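Proteins get letters first, then strands, A, B, ... in listed order; numbering begins at 1 in each. Every value quoted in this text rests on a predicted model; they were computed, and no experiment measured them.
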Amino acid sequence: MLSRTIKEKLISSYTRSFPSFPLPDQFTVEVPPSDGFGDFASNIAFSSAKILHENPIEIASIISDVLREDSFFNDVTVAGKGFVNMKVSDTLLRKMLVKIIKEKEDAFKYNIGKGKRYQVEFVSANPTGPLTVGHGRQAAIGDVISNILEFIGYDVTREYYFNDAGNQMNVLAHSLWVRYNQELGVDIEMPEEGYRGEYLIDIAKEIVGKAGKMYREKWDEDVKAFFRSYAADKMFDWIKADLSKFNIRFDVWFSESSLHEDGKVKDTIEELRKRGFVYEKDGAVWFAASKLGDHEDWVLVKSTGEPTYLLTDIAYHRDKAKRGFDKVLDIWGADHHGHVPRVKAGLEALGIEDGFCEILLHQFVTVVQSGKDVRMSTRRGEFVTLGDLVDTVGADVAKYFFVMLSPDTHLSFDLDLARSRSMDNPVFYIQYAHARICSVLRHAEENGFDTNREGDVRLLIAPEERTLIKDIERLDDVVLDAYDTLGPHKLTRYVEEVAKAFHVYYTKYRFVDKSNLELSYARLSLVKAVQIVIKTVSRLIGISMPENM
RNA sequence: GUGCCCGUGGCUUAAUGGACAGAGCGUUGGACUCCGGCUCCAAAGAUUGCGGGUUCGAUUCCCGCCGGGCACUCCA
């Protein structure tokens, strides 16, 4: 909360000091690496050095002189090669604490989104098999980002796009039919490209139970359609059950076949044609992406007459724009990175503005078990399902592990470690801090304290109290940082830091002391504020905060 | 071969171009008569893959190597 005001104060000191010069493009206000540098530090002198043709140290000292006149600051110094280091007054920090207690999580909300419609599309796995841990990472990242967007005032739609139209579904249908026949003792080989997972065997058994030998060695369009829809329904039930077990919900389930049925794929290709990006060659219809700087052109409609994945995807994104979203975010696995420039070229060709669609890629998840990698492939039927993972480690731990690293970082999920409940587990560390807080508040009530009473925060003079207040008052900065960088891991790192600061505080001081009621009330206020912050972050991450463990 | 991502203490990792590269795990040594020790304190541990360049300043940007992952389909 304070860094905003400080930024404004830096700007006004700058313009007062250098009235005829423009402001630097950007400069930071951040927490310095060590307490010795004060509470906040800014690099404004570095970023303005070129504009002012002046030594950063000189600039910093001029700005500092102005800032020093403000009672907001306790101390302003110039350090290093030109940092402006600021120490804010204790009164001000305590005001922030009071604000948190009064307004709760609203104290940290800035309306950046202003109600604009933001669509986040994630998971979007096709119904050909169960969700894997890789989808789990995507589900977690997408959910946390959606929560963040909502927190800062966007109207968010969480959408799941599934391909229920293409050839993969036919392959799935045929694979199921093969399993069905095998169940009936018919010796048919699973085709090379078939889905070999054991899950189809269970479904095949089910069909034998219901339909007997009706489809034995019989394969035509009707049979295909039956197996296809049977398989798709089963897969969807499974996917939805796993997601709900994982506490992830979607607002819209968007089917690819609806794009075809509603003529949107056809419309898209016509519009591309009108704009001069379509030509025919070798019996196929091509997208002239090279006109937009791509190194080659891509097929939109195969010579068989079927649309490609690229075309339907462009049609899908065109539809997103037509549905009136102000902005959309797609979350894709890193294996789709080659697809990014093509879809973007498609949108550009359609005249959709550049900033409309953002794509966040995340690196892969590997699962390590007994010290070695578990290879995962839906087609080969080798995987650890998301549902299994959630059953073993719980939704909270799974979700936290998925978002605790930067999406850019490869994630290696150690199943043995996760299964062993012992864990050097940050989730438990944070939950423990929260449970301790609840325990303290309970203890206070039991000893006759009214925990709703507001304490006199002026009594909070211990250094650990100052640290803790500084930590919790910057939650809004953390949320905005996570938003700017699309980095949910900023939240987990932050909440670990807050939990740490609380544990340190807890170990050193007593909160409930009948011989010093006023001090006790003051400290209980701080404890409650910490609880508000931990709960707010845990809600954004989507994990629970039990009162007892 | 071409393109994208990654390379940071023993391990897992953080750092919109900023200060002495920050955490956690592990290791070693400490701390409970009292609100939950699932906690806390301290120490050791790093030439940020290698070599150049840009900059007042580079883990971050550029170039070249080395190593790993991914993608280069009329699959999705």
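- Nearest to the side chain of A:A79, among B:A76, B:A19, B:U39, sits B:A19.
- Residues from residues 485-501 of chain A lying near RNA chain B, meaning a heavy-atom separation below 4.0 Å, are A:H489, A:K490, A:R493, A:K500 in numerical order.
- Between A:Y429 and the phosphate of B:G37, there is no side-chain N or O to OP1/OP2 separation shorter than 4.0 Å.
- Counting only heavy atoms from C-beta on, A:H336 has its side chain closest to B:A76 among B:A76, B:U13, B:C5.
- The base of B:C74 sits with one of its N or O atoms less than 3.5 Å from a complementary donor or acceptor on the side chain of A:S303.
- Atom NE2 in A:H362 sits about 20 Å away from atom P in B:C4, given to the nearest Å.
- Every residue meeting the salt bridge (Lys or Arg N to Asp or Glu O under 4.0 Å) condition with A:E497, not counting sequence neighbours, appears here in chain and number order: A:R474.
- Here the side chain of A:T507 is nearest to one of B:C5, B:U39, B:A14, namely B:U39.
- For A:R436, the side-chain atoms get nearest to B:U39 when compared with the rest of B:A14, B:U39, B:C20.
- Counting atom types as modelled, A:N85 pairs a side-chain N or O with a base atom of B:A19 as donor and acceptor under 3.5 Å.
- Which of B:C38, B:C74, B:G18 sits closest to the side chain of A:F428 comes down to B:C38.
- With B:C5, B:A19, B:U39 as the choices, the nucleotide that has an atom nearest any side-chain atom of A:Q363 turns out to be B:C5.
- For A:F46, counting side-chain heavy atoms from C-beta on, the closest listed nucleotide (B:C56, B:C5, B:C35) is B:C56.
- Each of B:A71, B:C74, B:C40 was ranked by its minimum atom distance to the side chain of A:H337; first place goes to B:A71.
- Checking the phosphate oxygens (OP1, OP2) of B:A14, a side-chain nitrogen or oxygen of A:T409 falls inside 4.0 Å.
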